[in-house]
Amino acid sequence: MKQMDRGILSSFDLKKKPILIGYSIMVLILVVMSCSMIYPILTTFFNGLKTNVEVNSFPPRFLPSEWHFDNFNKGWNFIDLPEFLRNTLYIFGGNLVITVGVLGLASFSLSRLNVPKRKAVYFFFMMTLFIPPTTYIIPNFVNLKDLGLMNSFAAFWLPAGANAFFLLLLKNFFDEIHYEIFEAARIDGASDWRSFAQIALPLSVPIFSTLAIFIFSSSWNDWFWPSLIMHNDSHYPLATAIYKYVINAKGLALNIRFAILTMVMLPPIVVFLIFQKYIMRGLHLGGVKG
């Protein structure tokens, strides 16, 4: 017999009228919030299936009178979406590798190794979280220009290794892994590098999956920073290309714009839904149970 997980409220609790009323109000609020989030997505999708005249008509209609799926083909051919998508994936892949390699090793060192003054280092990184991100846009720009990294993907990858939030998140996760595992590995002759690669890293798949979603979201949505450091159209990520060639385009029909925005909007939604199930299952895994 399949075992069912018990929630906060049982069927017996719902028989009580005050609890039932409160539960119904909570469900109603969740439904309203869900509809408010889904409505813009559906509006964008349906506008991409309308004619340009129907999109500009008043009062607006939610569903199209005729379904023009050829709008997506016109939008696909309007700009080179595969090239900009490839650039976005390059940025995402490099940022993910830097996060796993640099921040993973740094957080593991602060958590499990006898780093001198590690509490001071930890406190320093925590202080940087209170610095507004807009204040270090110009210093980052000047540093990357002096290093000769302008108009290259390395200008995205290098700053990814200095993300204080990811560092502290990984360190807190490594702190939860039982210390006895690493002690047993040292007794067996494992080095610190081997303990990280063969013990800490496999146990950290859930947290790295969570960070992968954050990294993918920022890589997919960021348009301002790439517009500053990329001077070649062939290096633009998808968000910057959409802003320059679709949002600011003159003479482009609204229905084609909505079709392009729909195609750009769907991949991150699909990625999040796929990863969400995995993360909810494994986010709270520890090193040892019992």
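Index from 1, following the sequence.
N56 places a side-chain N or O within 3.5 Å of a backbone atom of N52 that can act as its donor or acceptor partner. Between the side chain of N87 and the backbone N or O of L238, no donor-acceptor pair lies under 3.5 Å. With T43 contributing its side chain and Y39 its backbone, the two residues share a donor-acceptor pair below 3.5 Å. No side-chain donor-acceptor contact under 3.5 Å links N248 to the backbone of K244. Between the side chain of N255 and the backbone N or O of K50 there is at least one donor-acceptor pair closer than 3.5 Å. The backbone N or O of P206 lies less than 3.5 Å from a partner atom in the side chain of T210, making a donor-acceptor pair. Between the side chain of W157 and the backbone N or O of F92 there is no donor-acceptor pair closer than 3.5 Å.
Taking every heavy atom of both residues into account, L113 and R118 meet most closely at O-NH1, 2.9 Å. Of all the heavy atoms in I229 and A155, the pair that sits closest is CD1-CB, 3.4 Å. For the pair F174 and A200, the tightest heavy-atom approach, listed with the atom from each and the gap, is CE2-CB, 3.8 Å. The two residues A164 and L129 have their closest heavy-atom pair at CB-CD2, 3.9 Å. Nearest heavy atom pair, residue L103 against residue A160, reads CD1-O, 3.6 Å. The two residues T88 and S219 have their closest heavy-atom pair at CG2-O, 3.7 Å.
Of the inter-residue distances, the one linking S152 atom OG with H231 atom NE2 reads 10.5 Å to the nearest 0.5 angstrom. Rounding to the nearest 0.5 Å gives a distance of 11.0 Å between OG of S109 and CG of N114. Here the CD1-CG distance, from I213 to L211, works out to 9.5 Å after rounding to the nearest 0.5 Å. A distance of 7.5 Å separates CZ in F108 from CD1 in I199, rounded to the nearest 0.5 Å. How far CG of L252 is from CD1 of I260: 5.5 Å, rounded to the nearest 0.5 Å. Note: F196 CZ to S107 OG = 6.5 Å, rounded to the nearest 0.5 Å.
Under the 4.5 Å side-chain heavy-atom criterion for grouping Ile, Leu, Val, Met, Phe, Trp and Tyr, L63 is connected to F45 within one hydrophobic cluster. In the hydrophobic clustering of this structure, L203 groups with L96; members are Ile, Leu, Val, Met, Phe, Trp, Tyr whose side-chain heavy atoms approach within less than 4.5 Å, directly or through other members. Linking ILVMFWY side-chain heavy atoms closer than 4.5 Å, directly or via other members, places L167 and F165 in a single hydrophobic cluster. Put simply, L42 and V55 are part of two different groups of oily side chains (I, L, V, M, F, W, Y) that touch within less than 4.5 Å, one to the next. Side-chain heavy atoms closer than 4.5 Å link hydrophobic residues (I, L, V, M, F, W, Y) into clusters, and following such links, possibly through other members, connects L261 to I38.
Within the 4.5 Å cutoff, no side-chain heavy atoms of T240 are placed close to those of M230. The shortest side-chain heavy-atom distance between S234 and E83 falls under the 4.5 Å cut-off. I207 has its side chain within reach of L170: a pair of non-hydrogen atoms, C-beta onward, lies under 4.5 Å apart. For the pair F125 and V121, the minimum side-chain heavy-atom distance is below 4.5 Å. You'll find the side chain of V97 stays beyond 4.5 Å of the side chain of V102, heavy atoms only. The closest side-chain heavy-atom distance from W76 to P82 is below 4.5 Å.
No more than 12 heavy atoms of other residues, nucleotides or ligands lie within 6.0 Å of CZ in F130, so this atom counts as exposed by the packing criterion. Annotation: R194, atom CZ; neighbour count of heavy atoms from other residues, nucleotides and ligands within 6.0 Å does not exceed 12. Heavy atoms from other residues, nucleotides or ligands lying under 6.0 Å from OH of Y90 number 12 at most. Around the CE atom of M33, the shell of radius 6.0 Å holds no more than 12 heavy atoms that belong to other residues, nucleotides or ligands.
A side chain to side chain contact (heavy atoms under 4.5 Å, CB included) with R257 is found for one member of T262, I242, V246, N47 and no other, namely V246.
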Residues S217, N221; criterion side-chain hydrogen bond (donor to acceptor under 3.5 Å, both in side chains); working and verdict: CA-CA 6 Å; S217 177; N221 297 324; 3.2 Å; yes

Residues F46, F258; criterion ring pair (Phe, Tyr, Trp, His ring centres under 6.0 Å); working and verdict: CA-CA 8 Å; F46 289 135; F258 280 113; over 10 Å; no

Step-by-step side-chain contact (heavy atoms from CB on, under 4.5 Å) determination, F182 to I177: CA-CA 9 Å; F182 301 103; I177 301 178; 3.7 Å; yes

Stepwise side-chain contact (heavy atoms from CB on, under 4.5 Å) test for L81 and L85: CA-CA 6 Å; L81 287 178; L85 175 61; 5.8 Å; no

L49/F72 under side-chain contact (heavy atoms from CB on, under 4.5 Å): CA gap, chis, key distance, verdict: CA-CA 8 Å; L49 295 172; F72 291 94; 3.2 Å; yes

side-chain contact (heavy atoms from CB on, under 4.5 Å) evaluation trace for L228 with I137: CA-CA 10 Å; L228 289 178; I137 289 179; 4.0 Å; yes

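Taking the six-membered ring where tryptophan is involved, the planes of Y245 and Y236 are tilted, since the angle between them lies from 30° to 60°. Note: F166 and F214 have parallel aromatic rings, judged against thresholds of 30 and 60 degrees for the angle between ring planes. Ring orientation note: the planes of W223 and Y243 are close to parallel, at an angle under 30° on the 30°/60° scale. Note on ring orientation: taking the six-membered ring where Trp is involved, the planes of F69 and W67 are parallel (angle under 30°, cut-offs 30° and 60°). The aromatic rings of F153 and F156 lie tilted to each other, with the angle between the two planes from 30° to 60°.
By the 4.5 Å side-chain criterion applied to Ile, Leu, Val, Met, Phe, Trp and Tyr, V142 is assigned to a cluster that also includes I138.
Remark: K171 is positioned above the aromatic ring of Y122, its terminal NZ or CZ atom under 6.0 angstrom from the ring centre and at most 45 degrees off the axis.
Between the side chains of S65 and E54, at least one donor N or O lies within less than 3.5 Å of an accepting N or O.
The pair R186-D192 meets the salt-bridge criterion, with a side-chain N (NZ, NE, NH1 or NH2) lying under 4.0 Å from an Asp/Glu carboxylate O.
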